[in-house]
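Scroll down for the structure; my scribbles are underneath it.
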Amino acid sequence: MKKNTVYKTAPVNHAGLTDIWNAFMVKKATFSNHDIPLCPTTATKIPEKLIGYDEAKTIHKKMILDNKPNYHINAFIHFYIDDSKFDGKKTSFWLYPNKVFEIACHFDGIIAPDPSTYADFPDPLKRWNYYRMNAFGFWIASQGIEVISNVRWDTPDTWEYCFDGNPCNSMLAIGTVASSLKYKLNYALFADGLRRMYELLTPHTLIIYGSANYPCFDELRNNGVTVIVFPSKTSEYYKRRKTNE
């Protein structure tokens, strides 16, 4: 358990009331002292492959149309994609959680959703997205889907609560695709957050979607952390294009 973190029992739902806040997701969850639900990593093996939720939806639709309802894909679904593809009016993991579950059943598991928490977002919106990320991750794990807890942080003011929903001494996942780490200021903020994450959570394995060719990840490797990198779909495309030139 992380230092200075106190977990509380989830609130009890009252019969007869309409659940418009997805309270059902956290019925048996525990909460930190910042009211962030804990999303455990239930996956025990490193993923063979990562597939974006948008691509997973396309695969699912095709398999159902081809009358292959029992198909299975040896890959984990990730949400390191544009928010509109998994959190839009018709695509929202929060508004249509059963749709995500229906698709995830045909895959090895999922990495918990990754809704944006940009630096210029109001703090309540950042906290709401952290909450939803972990509440959904906890719920779908409780439904028997293998889950890897997702870690994300923003400016230092978020560090007091943004790691509360992640387990210690576990396997965690991070997306670096939209972090713009080639810029010095962005890299410095990211590296400081990564160090803080390690201090609090001490993961034994980190799944990285994107690039991990930065000194801050070498620091983790030197501390014994296993860093597994899955290149982004975009980088794979340009790699193939360069090879074919």
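Excluded from the calculations below are hydrogen atoms, water molecules and symmetry mates; all remaining heavy atoms, backbone and side chain alike, are included. Given the structure is predicted, the values throughout are model-derived calculations rather than measurements.
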Of all the heavy-atom pairs spanning [X] and [Y], show the shortest one and how long it is.
| X | Y | value |
| --- | --- | --- |
| Ala112 | Met133 | CB-O, 4.0 Å |
| Lys85 | Tyr53 | O-CD2, 3.8 Å |
| Tyr71 | His60 | OH-ND1, 2.8 Å |

Can you check whether [X] reaches [Y] side chain to side chain, under 4.5 Å on heavy atoms?
| X | Y | answer |
| --- | --- | --- |
| Pro167 | Leu172 | yes |
| Phe190 | Ile174 | yes |
| Lys57 | Phe86 | no |
| His106 | Ile59 | no |
| His78 | Val177 | no |
| Asn22 | Phe136 | no |

Problem set entry | Residues that Glu48 engages under salt bridge (Lys or Arg N to Asp or Glu O under 4.0 Å), provided they are two or more places apart |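 So Glu48 forms no salt bridge (Lys or Arg N to Asp or Glu O under 4.0 Å) with any residue.
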Problem set entry | Partners meeting salt bridge (Lys or Arg N to Asp or Glu O under 4.0 Å) with Asp82 (sequence neighbours left out) |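 Salt bridge (Lys or Arg N to Asp or Glu O under 4.0 Å) list for Asp82, sorted by chain: empty.
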Problem set entry | Between Tyr80 and Asn150: side-chain donor-acceptor atoms closer than 3.5 Å |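 The criterion, which ignores hydrogens and geometry beyond distance, is satisfied for Asn150 and Tyr80.
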For this session: Check side chain to side chain donor-acceptor pair (under 3.5 Å) between Thr117 and all other residues, then give those that pass, not counting sequence neighbours.
Result: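 Side chain to side chain donor-acceptor pair (under 3.5 Å) list for Thr117, sorted by chain: Arg152.
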For this session: Return yes when atom CZ of Arg196 has more than 12 non-hydrogen atoms of other residues, nucleotides or ligands closer than 6.0 Å, and no otherwise.
Result: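 Check fails, neighbour count at 12 or below.
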Exercise. For atom OH of Tyr118, is the number of surrounding heavy atoms from other residues, nucleotides or ligands below 6.0 Å larger than 12?
Worked result: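 No, because the 6.0 Å sphere around OH of Tyr118 holds 12 heavy atoms or fewer from other groups.
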For this session: Please assess Asp108 against Lys45 for the test salt bridge (charged side-chain N to carboxylate O under 4.0 Å, His left out), listing each intermediate value before the final yes or no.
Result: CA-CA 10 Å; Asp108 288 342; Lys45 295 181 180 180; over 6 Å; no
Exercise. Given the rule in the side chain to side chain donor-acceptor pair (under 3.5 Å) test, do Asp123 and Tyr161 qualify, once you have shown the distances and angles that lead to the verdict?
Worked result: CA-CA 11 Å; Asp123 185 66; Tyr161 61 83; 3.0 Å; yes
Exercise. Do Glu55 and Lys62 meet the salt-bridge criterion of a basic N to acidic O distance under 4.0 Å?
Worked result: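 No, Lys62 and Glu55 are not salt-bridged.
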